[in-house]
Amino acid sequence: AAKSAGRATFAFYEASLNSAAVKRLRLESALRHALARGEIEVHFQPKVDAGGRACSVEALARWTGSEFGVVSPATFIPIAEETGLIEPITEFVLRTACSQAAQWHRAGFGPLAVAVNLSPRLFRSGCFATQVAAALADYGLPADCLELEITEGTLMDEGVDAIEQLRALKALGVRLAVDDFGTGYSSLAYLTRFPLDILKIDKSFVSRATEGEGEAILSRAIVTLGRDLGLRVVAEGVETESQWKLFAGAGCHEFQGYLFARPLPASSADAWLAANTATAPA
Ligand code: C2E
Ligand code: MG
Ligand code: MG
Ligand code: MG
C-alpha cells in the first residue's frame with residue numbers, strides 16, 4: 001500500500017512539475033548563464049524636474065534569453081533574489097550605470113544622477129558598500145551622482161542589519177531612496193530611522209491620485225510629509241498630465257513615468273537626454 005501511495009504521490013508531483021515548477025526551474029537554469037552570455041542589459045528611464053528637464057535616470061535590468069525571449073524583471077528579479085544571482089546581476093547593473101553616467105557627464109549632460117535598485121539580500125554579505133566605492137572610483141563618478149533605491153519592504157524586513165549597511169553607503173556620499181513608498185507597509189517610523197535622502201512614491205499610488213478628492217488629499221499629504229522630513233520627493237509612474245500637475249502642485253521635486261519617457265536602451269536615452277537636458281551640449 002505504501003508503495004502504491006508513493007507512486008501516486010510521485011505521479012502527482014510529476015504532473016505539477018510539468019507546468020509552473022518546470023518553467024521556473026528552466027528559467028532559473030537559463031538565468032544562471034544569462035550574464036555570461038551577455039543576455040542582461042541595462043535600460044535607463046529618466047526622471048525630470050517640474051520643468052520637464054532630466055535630473056536623473058534609473059537603471060533597470062532587462063533580460064532577453066534565447067529560450068524565453070524577453071523576461072520581465074517582475075519574474076526574474078525574484079528568482080535572482082532566491083538563488084543569489086542578484087549579487088552578480090546588481091554588480092553588473094551598478095557598474096554599467098556608473099560607467100554610463102560618467103560618460104553622460106563627459107558628454108556635457110550636467111550633474112545627471114543615476115539610480116540603481118537594491119535587493120534586501122545584498123545587505124547580508126556585509127561588503128556591499130565596498131563594491132559601490134570601487135564602482136564609483138573605477139568610473140570616476142562623483143558619489144552624490146549615485147542614488148540607491150531600496151523598497152520599503154526591505155527596510156522593514158532587514159531592519160537592524162540594513163541600518164549599518166545604509167550608514168556605510170551614506171558615508172560614501174551616495175544618496176539613498178526609499179522606493180515604492182505607499183505599498184503595503186503602514187509604519188512611517190522607518191522614514192526617520194534610516195538615513196534617507198529621497199522618497200519615491202509608488203506608481204500604484206500615483207495612478208489613483210487623480211481618481212477623487214480623497215486620493216488627491218492623501219497624495220498632497222504624502223508629498224508634504226516627505227518635504228517636511230527634508231527628503232527629495234519623486235512621483236513614479238506618472239502617465240497623465242493631470243497626475244503631473246497634481247504632484248507638481250503639491251511640491252513634488254521629480255517625476256518619472258511614461259508621460260516623459262519609458263525605460264530606454266543607452267543609445268536612445270542619449271538622444272532623449274540631448275533633447276531634455278537644460279545644459280545639453282548644442
Ligand atoms: P521599480 O524600481 O519601482 O521601477 C519602476 C518600474 O515601473 C519599472 O518597471 C518601470 O518600467 C515602470 N514604470 C515607470 N514608469 C511607468 C509608467 O508610467 N507606467 C507604468 N505602468 N510603469 C512604469 P520594470 O523595469 O519592469 O521593473 C520592475 C521592478 O523590477 C522595478 O521596480 C524594480 O523593483 C525591479 N528591478 C528592475 N531592475 C532591477 C535591478 O537591477 N535590481 C533590482 N534589485 N531590482 C530591479
Ligand atoms: Mg526603483
Ligand atoms: Mg519604484
Ligand atoms: Mg515601483
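Both ligands and their constituent atoms are indexed starting at 1 by order of listing. If you read the sequence from its start, that first residue is 1, and numbering goes on from there.
A salt bridge between Glu82 and Arg24 is present, with a side-chain N of the basic residue lying under 4.0 Å from a carboxylate O of the acidic one. With respect to Lys200 and Glu58, a salt bridge is recorded, a charged nitrogen being found less than 4.0 Å from a carboxylate O. Between Arg208 and Glu211 no salt bridge is recorded (no basic side-chain N to carboxylate O distance below 4.0 Å). Using a 4.0 Å cut-off between a side-chain N of Lys or Arg and a carboxylate O of Asp or Glu, Glu67 and Arg37 do not qualify as a salt bridge. Between Lys47 and Glu147 a salt bridge is recorded (basic side-chain N to carboxylate O distance below 4.0 Å).
Contact annotation for Asn117 and ligand 1: heavy atoms of both the backbone and the side chain come within less than 4.0 Å of the ligand. By the criterion of a heavy-atom distance under 4.0 Å, neither the backbone nor the side chain of Val116 is placed next to ligand 1. Residue Glu236 touches ligand 1 through its side chain alone, judged by heavy-atom distances below 4.0 Å. Contact annotation: for His43 versus ligand 1, there are no heavy atoms closer than 4.0 Å. Contacts between Pro263 and ligand 1 below 4.0 angstrom, taking non-hydrogen atoms only, involve the side chain exclusively. Using a 4.0 Å cut-off between heavy atoms, Val238 contacts ligand 1 through its backbone alone, with no side-chain atom that close.
Annotation: Leu259 places no N or O atom under 3.5 Å from an N or O atom of ligand 1; distance criterion only. In terms of polar-atom proximity, defined here as any N/O pair under 3.5 Å, Ser119 does make such a contact with ligand 1.
Cation-pi geometry between Arg262 and Tyr258 is satisfied (NZ or CZ under 6.0 Å from the ring centre, within 45° of the ring normal). Cation-pi check for Arg95 over Phe92 is not met; the charged atom does not lie both under 6.0 angstrom from the ring centroid and within 45 degrees of its normal.
With atom 1 (P) of ligand 1 as the reference point, the heavy atom nearest to it among Thr96, Ile40, Asp179 is part of Asp179. Counting only non-hydrogen atoms, the option in Arg262, Gln256, Gln45, Glu81 that gets closest to atom 15 (N) of ligand 1 is Gln45. When Pro73, Ala80, Ala97 are checked for heavy-atom proximity to atom 28 (C) of ligand 1, Pro73 turns out nearest.
Put simply, Asp180 stays out of reach of the Mg ion (ligand 2), with no N, O or S atom under 2.8 Å from it. Within the 2.8 Å limit, Asn117 places at least one N, O or S atom next to the Mg ion (ligand 2). At a cut-off of 2.8 Å, Glu58 coordinates the Mg ion (ligand 2) through an N, O or S atom.
When the N, O or S atoms of Glu149 are ranked by distance to the Mg ion (ligand 2), OE1 comes first. Within Asp179, the N, O or S atom at minimum distance from the Mg ion (ligand 2) carries the name OD2.
Each of the following atoms of ligand 1 lies closer than 4.0 Å to a heavy atom of Gly257: 15 (N), 18 (O). Annotation for ligand 1: atoms under 4.0 Å from non-hydrogen atoms of Glu239 are 17 (C), 18 (O), 19 (N), 20 (C), 21 (N).
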**Message:** side chain to side chain contact (heavy atoms under 4.5 Å, CB included), that's the test. Do Val206 and Ile201 meet it? Break it down for me.
**Reply:** CA-CA 7 Å; Val206 172; Ile201 304 171; 4.2 Å; yes
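Between Phe255 and Phe260, the two ring planes are tilted [angle within 30° to 60°].
Ring-centre distance between Trp272 and Phe109: not below the 6.0 Å cut-off.
Judged by the shortest distance from any of its heavy atoms, Thr90 lies outside the 4.0 Å radius around the atoms of ligand 1.
For the 3.5 Å distance criterion, the side chains of Glu39 and Thr64 fail to qualify, holding no donor opposite an acceptor.
If you run salt bridge (charged side-chain N to carboxylate O under 4.0 Å, His left out) between Asp197 and each of Lys170, Arg175, Arg232, only Lys170 comes through.
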